[in-house]
Amino acid sequence: MSIDVALVEKMVRKVVGEVEGQLDVLEGRSTAVRTPAADDGTGIFDTMDAAIAAAERAEREYLGCSMADRRRFVQAIRDFVVVPEHLQYMAEEAVRQTGMGDVAHKVVKNRLAATNCPGVEDLVTDAWSGDDGLTTIEYSPFGVIGAITPTTNPTETIICNAIGMLAAGNTVVFSPHPRARDLSVWLISELNKVLTKAGAPRNLLVTVSEPSIENTNAMMAHPAVRMLVATGGPGIVRTVLSSGKKAIGAGAGNPPVVVDRTADIVRAAKDIVDGASFDNNLPCTAEKEVIAEECIADLLKFEMEKVGAFEVQGTETLKKLEELVLNDQRTGPRTEWVGKPAGEILDAIGVKPPYSCRLILVETDKDHPFCQHELMMPVLAVVRVPDVDAAIDLAVEVEHGLRHTAIMHSRDVTKLTKMGRMIQTTIFVKNGPSYAGIGIGGEGYTTFTIAGPTGEGLTCARSFARRRRCAMVGELNMR
């Protein structure tokens, strides 16, 4: 079943619109950074050492909780997040504090993180029984997990990590991105309150009042932190992988979308515009460049312009766009334009966009920075190739072996199969928008920690658990 994203957004805006103007007076909603003098049960500490010590104490107490307890605690998180005013508040504050993304789309993402991220039900026991007895494989916690969260999906990542990590029996030390500091501190504090109300040990989720690189380094080096999970750019992923600890790295991507002559071009055009403009292209799963067969490229662009795309043409205009959004080395984006709306970008280069514009198209060659580098803004390169085999080869090249996400629109099952085998990405979406790969309009669960570099894929509760074998010799075989 497909999802009409425009309809979803309309419904979300209608629901959350009822609470606009009331957020500032809701109890406990201040995002002012707090500096507690002592452990007050909110999970916010002055120093990383104090935060980790609290998480370590909580982890020992958490070992005594039942699976039913864990289910109740996870449900408390879900119930808190899906309250309409909480969804709206997190979305608005994320855009305000980071300067990136789209409020309505962040509402959708936070809701999906809360409702579609697996919990305790993901921890399925394997067993063997025979003449020599019974052996089971159980999923058990690592202990204290250090989780580094990004500025692009600050609350979404905290929510899905908290659900999966607590479901697996761990406690969590979060190291949020400083640009999302206030909102991250608020959310962790609020989640601790609802967990305590549900009967959970204090400080299952902790962080520091002043997130920083120094505090992140202290967390990674602390001997009590048994596992590291980094959701972010290639630099932080490389750092956790060199830590000497068990690490999950959810890194960057540069997802190509291939469109061949057999595709439903009208549908492909809408899916690409919907996916590439979602949250202003912040998700690492979003379409970053289109590779189209020459014979359908013009039709594809025409259909994309009918559903919200706008093509930038002319050497001078393209140069202005490049100077605006590319860094001085032309190897990536200028940070200040990441996640900005398409209309705002066009206004800045003196182009009056149509009211409906949500995605900027630029036809380039394969070597252009817009094709080669992830921009995380609604600027999409379109590259022509002579045939589908050339398109698949180019898609593999520009994905750069990141093994993150790829998309293909085609009715040719043989070519779909070839691309899936050749590109080896963690997510491969066929005939749909990129976000179908994370459970929005596609089957399967949702996560915002997608571990391509370390191979866990779309993380879930079992990703944050150890597999332990328990053997009962000569007994409990009743066959």
Side-chain angles (χ1 to χ4, degrees), residues 52-75 77 117-148 160-174 195 198-206 219-231 240-241 243-250 426 444-445 447 449-479:
I52 294 173
E56 193 175 17
R57 290 190 298 271
E59 189 268 333
R60 289 194 292 270
E61 187 177 350
Y62 198 29
L63 288 173
C65 292
S66 66
M67 297 298 282
D69 291 332
R70 293 191 205 173
R71 288 189 186 93
R72 188 172 69 256
F73 304 154
V74 166
Q75 190 60 48
I77 293 174
C117 180
V120 173
E121 70 279 2
D122 192 53
L123 307 174
V124 179
T125 299
D126 293 326
W128 300 270
S129 65
D131 293 341
D132 291 326
L134 172 69
T135 294
T136 61
I137 300 293
E138 303 281 2
Y139 286 100
S140 293
F142 276 90
V144 179
I145 296 180
I148 301 167
C160 68
N161 280 357
I163 288 172
M165 293 171 185
L166 292 187
N170 306 284
T171 58
V172 192
V173 182
F174 283 107
L195 286 167
R202 290 158 63 98
N203 300 314
L204 293 183
L205 311 173
V206 301
M219 181 193 74
M220 290 191 292
H222 200 290
V225 176
R226 298 302 186 104
M227 181 186 204
L228 294 172
V229 179
T231 309
V240 299
L241 293 184
S243 67
K245 301 186 179 190
K246 168 65 177 177
I248 292 178
T426 299
Y445 64 88
T447 182
T449 296
I450 300 166
T454 50
E456 291 80 7
L458 280 77
T459 54
C460 53
R462 72 182 71 178
S463 306
F464 310 120
R466 301 157 52 226
R467 288 172 57 87
R468 298 173 64 197
R469 176 178 284 206
C470 178
M472 170 67 79
V473 178
E475 305 292 345
L476 295 180
N477 170 39
M478 293 168 280
R479 288 185 296 179

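- Side-chain contact of Arg466 with Ser140: a donor-acceptor pair under 3.5 Å is absent, judged by distance alone.
- Of the inter-residue distances, the one linking Leu134 atom CG with Cys470 atom SG reads 8.0 Å to the nearest 0.5 angstrom.
- Taking the side chain as every heavy atom from C-beta outward, Ile52 and Val225 approach each other to under 4.5 Å.
- Closest non-hydrogen pair, Val173 versus Ala55, comes out as CG2-CB, 3.9 Å.
- When only modelled atom types and interatomic distance are considered, Thr454 and Glu456 share a side-chain donor-acceptor pair under 3.5 Å.
- With a 4.5 Å cut-off on side-chain heavy atoms, Met472 and Thr135 do not count as touching.
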Exercise for the section: Give the intermediate values and the outcome of side chain to side chain contact (heavy atoms under 4.5 Å, CB included) for residues Ile137 and Thr125. Expected result: CA-CA 6 Å; Ile137 300 293; Thr125 299; 5.8 Å; no
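- Using a 4.0 Å cut-off between charged side-chain N and carboxylate O, Arg70 and Glu121 make no salt bridge.
- One finds the CE atom of Met165 at 4.5 Å from the CD1 atom of Ile145 (value rounded to the nearest 0.5 Å).
- Here the closest heavy-atom approach between residue Lys245 and residue Ala221 is recorded as NZ-C, 4.0 Å.
- For the pair Asp132 (side chain) and Gly474 (backbone), a donor-acceptor distance under 3.5 Å is absent.
- Counting heavy atoms from C-beta on, the side chains of Ile77 and Leu195 come closer than 4.5 Å.
- When every heavy atom of Tyr139 is checked against every heavy atom of Val124, the shortest pair comes out as CE1-O, 3.3 Å.
- Residues Phe142 and Asn170 come closest through the heavy atom pair N-OD1, 2.7 Å.
- A distance of 4.0 Å separates CZ of Phe464 from OG1 of Thr459, quoted to the nearest 0.5 Å.
- Of all non-hydrogen atoms in Ala168 and Leu123, the two that sit nearest each other are CA-CD1, 3.9 Å.
- Counting only distance, with no hydrogens or angles, the side chain of Tyr62 and the backbone of Ala200 share no donor-acceptor pair below 3.5 Å.
- Side chain of Asn477 to backbone of Gly133: no donor-acceptor contact under 3.5 angstrom is found.
- Taking each heavy atom of Pro201 and Phe73 in turn, the nearest pair found is CD-CE1, 4.2 Å.
- Taking a 6.0 Å sphere around CE of Met67, one finds it holds more than 12 heavy atoms contributed by other residues, nucleotides or ligands.
- How far CD of Glu56 is from CZ of Arg226: 8.0 Å, rounded to the nearest 0.5 Å.
- Within the 4.5 Å cutoff, side-chain heavy atoms of Ile148 are placed close to those of Val240.
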Problem - Audit row: Asn161, Phe174, side chain to side chain contact (heavy atoms under 4.5 Å, CB included) steps and yes/no - result: CA-CA 9 Å; Asn161 280 357; Phe174 283 107; 4.0 Å; yes
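- Here the CZ-OG distance, from Arg72 to Ser66, works out to 7.0 Å after rounding to the nearest 0.5 Å.
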Practice task
List the steps, then state whether side chain to side chain contact (heavy atoms under 4.5 Å, CB included) holds for Tyr445 with Cys117.
Solution key: CA-CA 6 Å; Tyr445 64 88; Cys117 180; over 6 Å; no
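- Judged by distance alone, the side chains of Asp126 and Thr136 never bring a donor and an acceptor atom under 3.5 Å apart.
- In this structure, CD1 on Ile248 lies 9.0 Å from OG1 on Thr231, to the nearest 0.5 angstrom.
- Each of His222, Arg57, Glu59 was compared with Val144 under the side chain to side chain contact (heavy atoms under 4.5 Å, CB included) criterion, and only Glu59 meets it.
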Handout entry: Chi angles and distances behind the side chain to side chain contact (heavy atoms under 4.5 Å, CB included) call for Val229, Thr449
Key = CA-CA 9 Å; Val229 179; Thr449 296; 3.9 Å; yes
